[in-house]
Amino acid sequence: MPELPEAEVVRRGMARWAAGATAGELAVLDPRSVRRSPGGAGALRERLAGAELAEPARRGKFLWLPLAGGEDAVVVHLGMSGQVRVDDPGAPDQRHLRLRLPVRSADGSAHELRFVDQRIFGGWWLDPVVQDPASGDAVPASAAHIALDPLHPLFDADEVHRRLVRRRSTLKRALLDQTLVSGIGNIYADEALWAARLHPERPTERMTRPQTRAVLAAVQDVMRRALAVGGTSFDALYVNVDGRSGYFARSLEAYGRTGQACRRCAAEGREGVIVREPFMNRASHLCPRCQPRPRRSTRTVTG
DNA sequence: ACTAAGTCCTGCTAGC
DNA sequence: TGCTAGCAGGACTTAG
């Protein structure tokens, strides 16, 4: 699933051909992929035709193509199965191809930016650009509520801690809340919790500052390592703009390793096994020996 | 029938 | 009793 490292790989892949390019006429093969765009396919197509694209940008899992002039941008969100592909004009359609944007790149070459999305959680939409007062960044309005991501230069773990302990929730749920810290999804949440030896159900108000620092440092570490090898690919759902897979799946310690030995336990002579636990109609993967379930919460249970 | 999951939206509840 | 902020959970989606 695309999380921050995968979105960043896609951003870099797009940058070479999109930065400074001139857009042609957008083909909308499935209007559901532009359902968030004001005015629908027609308005988006009209705005893009002939528009100059600037350097692609990203915050958390949100990507966008700023349009020359700086007043608006095309947001590209991958959802859970979205891909951006850069193809030669006339290349055969991919299965689940939803959008096709011809571009004349800065070097004069012709390409197509294509949006392929099996499950249609993602999409493209036109959005005004606003200034985020906290960072000074220019961001699309629909991404303005998103917190800084862990790889942002101004990311402040202690500020996240202060906000975290005010919450009456649990740790993994908080890590997935894009308004607290952005870019983390189910894979990197499980990996960071394993690395920091913290249970996903740990109450947020009982987190210590060293624990918060540890889990956020683990997020940064696992994201940087994933980025270095092109992201995490489990199947054909996530690929780079060239259609190539990332190699981080083989480095995962918790996610997707249900029933397999915990490698840290094995290295230390213990026999922990990764288990899968239900979580928000989804799943968490963890080692019960490294990540013991917190003792019963001190939170008041009404009844 | 059930699995995968990012984000938006709705509705509930605690607390004042 | 009523308001609000914050939190939890459902809806959306398709292939295997």
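Here is how names work: the chains are called A, B, and so on, in the same order as the sequence lines, proteins then strands, and each is numbered from 1. All values below were derived from every heavy atom in this structure, side-chain atoms included, with hydrogens, water molecules and symmetry-related copies excluded.
- Helical stems involving DNA chain C, defined as 3 or more consecutive Watson-Crick or G-U pairs under 3.5 Å, span B:2-16 with C:2-16.
- Remark: A:Arg104 is not positioned above the aromatic ring of A:Trp17, lacking an NZ or CZ atom under 6.0 angstrom from the ring centre and at most 45 degrees off the axis.
- Regarding A:Glu277, its CD atom lies at a distance of 18 Å from the C1' atom of B:dA4, rounded to whole Å.
- Atom CG of A:Leu180 is separated from atom P of C:dA5 by 19 Å (rounded to the nearest Å).
- Between the P atom of C:dA8 and the CG atom of A:Asp177 lies a distance of 10 Å, rounded to the nearest Å.
- At the heavy-atom level, A:Asp117 lies nowhere under 4.0 Å from the strands shown.
- Distance A:Leu175 CG to B:dA5 P: 15 Å, rounded to the nearest Å.
- Taking side-chain N and O atoms only, A:Gln178 has a distance below 4.0 Å to OP1 or OP2 of B:dT7.
- With distances taken from any side-chain atom of A:Arg173 to the nucleotides B:dA5, C:dG9, C:dG10, the minimum falls on C:dG9.
- A:Phe121 does not qualify as a stacking partner of the B:dT7 base, lacking a centre-to-centre distance under 5.5 Å together with planes within 30°.
- Distances shown here put a side-chain N or O of A:His145 below 4.0 Å from the OP1 or OP2 atom of B:dC8.
- No hydrogens or angles considered: nothing links the side chains of A:Glu6 and A:Asn240 as a donor-acceptor pair under 3.5 Å.
- Across C:dA8, C:dT14, C:dA11, the shortest atom-to-atom separation from the side chain of A:Ile120 is found for C:dT14.
- When only modelled atom types and interatomic distance are considered, A:Asn186 and A:His285 share no side-chain donor-acceptor pair under 3.5 Å.
- Looking at A:Asp30 and A:Ser33, their side chains never bring a donor and an acceptor atom within 3.5 Å of each other.
- Side-chain contact of A:Asp107 with A:Ser105: a donor-acceptor pair under 3.5 Å is absent, judged by distance alone.
- Both A:Arg167 and A:Asn281 sit near DNA chain C, but only A:Arg167 has its closest nucleotide nearer the 5' end.
- Residue A:Tyr238 is out of contact with every strand shown, counting any heavy-atom pair closer than 4.0 Å.
- There is no side-chain donor-acceptor pair under 3.5 Å between A:Thr204 and A:Arg166.
- Nucleic acid contact for A:Arg95: sugar-phosphate only, since backbone atoms but no base atoms lie under 4.0 Å from a heavy atom of the residue.
- For the pair A:Ser81 and C:dT13, the criterion of a side-chain N or O lying under 4.0 Å from OP1 or OP2 is not met.
- Between the side chains of A:Gln220 and A:Tyr188, not a single donor N or O lies within less than 3.5 Å of an accepting N or O.
- Rounded to whole Å, atom P of B:dT3 lies 17 Å from atom CD of A:Gln118.
- Neither side chain, A:Ser182 nor A:Lys61, offers a donor N or O lying under 3.5 Å from an acceptor on the other.
- Nearer the 5' end of DNA chain B, as judged by each residue's closest nucleotide, is the contact made by A:Met1, out of A:Ser142 and A:Met1.
- Looking at which nucleotide of DNA chain C each of A:Arg166 and A:Arg282 is closest to, the 5′-most match is held by A:Arg166.
- Rounded to whole Å, atom P of B:dT7 lies 10 Å from atom CG of A:Leu78.
- Note on A:His96: every side-chain N or O is 4.0 Å or more away from OP1 and OP2 of C:dT13.
- Rounded to whole Å, atom P of B:dA5 lies 9 Å from atom CD of A:Glu3.
- Here the nucleotide nearest the side chain of A:Met80, chosen from C:dA15, C:dC7, B:dA5, is B:dA5.
- The distance from atom CZ of A:Arg119 to atom P of B:dT7 is 15 Å, rounded to the nearest whole Å.
- Look at A:Arg168 and you won't find any side-chain N or O under 4.0 angstrom from OP1 or OP2 of B:dG15.
- Among the heavy atoms of the strands, none lies under 4.0 Å from A:Phe279.
- Side-chain contact, A:Ser37 with A:Trp124: no donor N or O sits under 3.5 Å from an acceptor N or O.
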